[in-house]
Amino acid sequence: MSKIFTDKDANLDVIKDKKIAVLGYGSQGRAWAQNLKDSGLNVIIGLEREGKSWELAKNEGFTPMHTKDAVRDADIIIFLVPDMVQRTLWLESVKPYMKKGADLVFAHGFNIHYGLIQPPNDSDVYMIAPKGPGPTVREYYKAGGGVPALVAVHQDVSGKALQKALAIARGIGATRAGVIHTTFKEETETDLFGEQVILVGGIMELMKAAFETLVEEGYQPEVAYFETINELKMLVDLVYEKGITGMLKAVSDTAKYGGLTVGKFIINQDVRNRMKEALQRIKSGKFAEEWIEEYGKGMPTVINGLSQIQNSLEEKIGAQLRDLIQKGKPKS
Ligand SMILES: NC(=O)c1ccc[n+]([C@@H]2O[C@H](COP(=O)([O-])OP(=O)(O)OC[C@H]3O[C@@H](n4cnc5c(N)ncnc54)[C@H](O)[C@@H]3O)[C@@H](O)[C@H]2O)c1
Ligand SMILES: CC(C)(O)[C@@H](O)C(=O)O
Ligand SMILES: [Mg+2]
Ligand SMILES: [Mg+2]
């Protein structure tokens with residue numbers, strides 16, 4: 001079994017006197033900045049523009065600075081802007097202004113693994129990759145818990161890069177849940193695979209396909225929504241709490257039999273073959289190439305895809321039912 005690092009393996013002392021510049025105040029940036037600050041660390045926020053993120057950071061107790069000023073005397077520089085923005089930010093606002101030998105830190109390996117950022121030889125380069133969305137990183141930390149993470153070291157000039165990665169993992173709460181040591185390559189490839197094949201792409205299309213099949217066959221959309229989208233959370237919660245076996249034990253024997261037989265008919269060998277194809281595209285760098293090109297064109301596929309989803313029947317039904325559904329949620 002992989003070694004799992006927890007609080008007892010991570011000491012904040014190694015970074016407690018360092019100035020930490022968090023670049024970006026979005027999904028992860030906001031969560032990391034607040035968690036690191038609440039862990040007693042010295043955090044400053046670096047942003048390119050005085051826009052929405054700037055206002056939010058200010059309203060939440062930070063004094064944001066322009067990136068070039070934030071990195072000037074930072075000891076640790078954390079890239080928490082979108083992956084496609086990091087290279088330009090690095091070249092234009094970090095590299096020319098950073099202190100010699102400052103640490104470069106990432107939450108995902110994309111830019112280092114695919115060679116978009118070439119760090120100087122005298123910097124420690126490491127990663128702490130939370131295995132969950134930014135708002136959850138904050139929510140779990142505030143409630144006394146944490147979201148698990150992976151750590152990896154790309155360059156270790158000081159000989160302390162892993163210790164510092166674990167300290168940051170502790171500062172954001174991840175060592176409360178468990179941290180695994182990996183490589184930039186393994187994190188990048190598995191993270192992209194996970195979000196494409198199941199967490200974002202797979203689950204979204206499975207929900208949509210099941211919902212739309214029922215509606216096309218004349219069933220009430222509200223019934224279809226409860227069945228194919230809303231209840232998913234409860235079954236995933238059971239898997240989260242008690243494993244797949246625990247989930248199977250909670251459902252009827254009819255659901256167990258139907259699930260164990262029809263599940264394999266739906267997610268069949270063809271699907272597994274296409275999963276391997278998707279992984280191959282990631283490993284070969286083809287996906288990265290395509291994503292960089294899409295970003296360069298202004299992300300038309302992302303913008304159109306999002307707009308189609310926003311205007312879909314399942315989203316309209318979900319919006320109508322959500323107030324009522326939320327009232328049924330446990331209050332704790
Ligand atoms: N979103 C997640 O839950 C998640 C989970 C694990 C790892 N990561 C990784 O964390 C990093 C940050 O991702 P995110 O989703 O938190 O980013 P995000 O999209 O939420 O970042 C938005 C922030 O980046 C800044 N920003 C946006 N566009 C910019 C531009 N053109 N120039 C300069 N600054 C700009 C702004 O401060 C903005 O608030 C990425 O490497 C991502 O892969 C994200
Ligand atoms: C939250 C995810 C999907 O796990 C992350 O990898 C991301 O890129 O947002
Ligand atoms: Mg990701
Ligand atoms: Mg991920």
Side-chain angles (χ1 to χ4, degrees), residues 21-35 43-60 62 64-71 77-94 104-114 116-117 125-141 146-152 154 165 168-169 172-174 177 179-180 182 184 186-203 278 282 287-288 291-292 295-296 298-299 302-303 306:
V22 168
L23 307 185
Y25 201 74
S27 177
Q28 291 291 337
R30 186 176 176 208
W32 286 44
Q34 295 185 2
N35 292 5
V43 179
I44 50 174
I45 309 290
L47 297 173
E48 285 295 90
R49 278 175 298 279
E50 297 184 27
K52 265 204 256 166
S53 296
W54 188 285
E55 281 312 306
L56 188 61
K58 235 167 75 174
N59 292 338
E60 293 181 343
F62 293 99
M65 301 162 85
H66 287 284
T67 312
K68 48 181 101 147
D69 299 320
V71 301
I77 298 166
I78 310 183
F79 286 83
L80 293 172
V81 298
D83 294 304
M84 288 303 112
V85 168
Q86 291 181 14
R87 178 180 153 82
T88 308
L89 189 75
W90 160 247
L91 292 174
E92 292 178 1
S93 303
V94 178
L104 301 173
V105 179
F106 297 86
H108 177 41
F110 197 100
N111 278 269
I112 293 290
H113 179 61
Y114 292 116
L116 301 178
I117 291 181
V125 181
Y126 47 92
M127 167 173 58
I128 304 93
K131 293 289 99 187
T136 315
V137 170
R138 178 60 182 158
E139 188 198 332
Y140 281 24
Y141 178 93
V147 166
L150 306 183
V151 290
H154 176 68
I168 292 177
I172 63 170
V179 170
I180 301 176
T182 181
F184 271 63
E186 185 177 54
E187 186 280 335
T188 304
E189 293 175 353
T190 53
D191 188 79
L192 294 174
F193 178 80
E195 64 202 26
Q196 292 173 19
V197 164
I198 170 142
L199 300 174
V200 181
I203 214 66
I282 292 166
F287 168 74
W291 173 212
I292 292 164
Y295 183 77
M299 297 199 285
V302 174
I303 290 164
L306 202 56

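Keep in mind it's a predicted model, so treat the numbers as computed, not measured. In listed order, ligands and their atoms are each counted from 1. The analysis underlying the following values was restricted to heavy atoms, covering all of them including side chains, and did not include hydrogens, waters or symmetry mates.
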So, [X] side chain and [Y] main chain: donor-acceptor pair closer than 3.5 Å or not?
X	Y	answer
Asn35	Val137	yes
Gln86	Val81	yes
Asp191	Glu187	no

Does CG belonging to Leu91 count more than 12 external heavy atoms closer than 6.0 Å?
yes
Specify the protein heavy atom at minimum distance from [atom]: its residue, its atom name, and the distance to 0.1 Å.
atom	answer
atom 22 (C) of ligand 1	Gly26 CA, 3.8 Å
atom 14 (P) of ligand 1	Ser27 CB, 4.1 Å
atom 34 (N) of ligand 1	Val81 CG1, 3.8 Å
atom 33 (C) of ligand 1	Glu48 CG, 3.4 Å
atom 5 (C) of ligand 1	Gln28 NE2, 3.0 Å
atom 42 (C) of ligand 1	Asp83 OD2, 3.6 Å
atom 7 (C) of ligand 1	Ala107 O, 3.5 Å
atom 30 (C) of ligand 1	Val85 CG1, 3.4 Å

(message) Please determine whether any non-hydrogen atom of Arg30 lies less than 4.0 Å from an atom of ligand 1.
(response) no
Is Arg49 in contact with ligand 1, taking contact as a heavy-atom separation below 4.0 Å?
-> yes
Considering only heavy atoms of [X], which atoms of ligand 1 have at least one such atom less than 4.0 Å away?
X	result
Gly24	37 (O)
Gly132	3 (O), 5 (C)
Ser53	36 (C), 37 (O), 38 (C), 39 (O)
Gln86	40 (C), 41 (O)
Pro130	6 (C)
Tyr25	37 (O), 39 (O)

Heavy-atom nearest neighbour of atom 26 (N) of ligand 1 within options Pro135, Gly29, Pro82, Gly134:
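Looking at heavy atoms only, the winner is Pro82.
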Separation between CZ (Phe184) and OH (Tyr126), nearest 0.5 Å, reads 10.5 Å
One should read off an interatomic distance between Trp291 CH2 and Leu192 CG, to the nearest 0.5 angstrom, of 11.0 Å
Taking heavy atoms and a distance under 4.0 Å, where does Leu47 meet ligand 1: side chain, backbone, both or neither?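 Side chain only.
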### Message
Phe79 and side chain to side chain contact (heavy atoms under 4.5 Å, CB included): which single residue from Val94, Asn111, Ile112, Val85 fits?
### Response
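When side chain to side chain contact (heavy atoms under 4.5 Å, CB included) is applied between Phe79 and each of Val94, Asn111, Ile112, Val85, only Val94 qualifies.
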Specify the closest pair of heavy atoms between [X] and [Y], including all atoms of both residues, with the distance to one decimal.
X	Y	result
Met127	His108	SD-C, 3.5 Å
Ala169	Val179	CB-CG2, 4.0 Å
Ala288	Phe110	CB-CZ, 3.6 Å
Tyr25	Glu60	OH-OE1, 2.7 Å

Do the non-hydrogen side-chain atoms of Leu116 and Trp90 ever get within less than 4.5 Å of each other?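 Side-chain contact under 4.5 Å: no.
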Could you please give the number of protein N/O/S atoms within less than 2.8 Å of the Mg ion (ligand 3)?
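N, O or S atoms of the protein closer than 2.8 Å: 2.
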Please verify the inter-ring angle class for His66 with Trp54; under 30° counts as parallel, over 60° as perpendicular, anything in between as tilted.
tilted
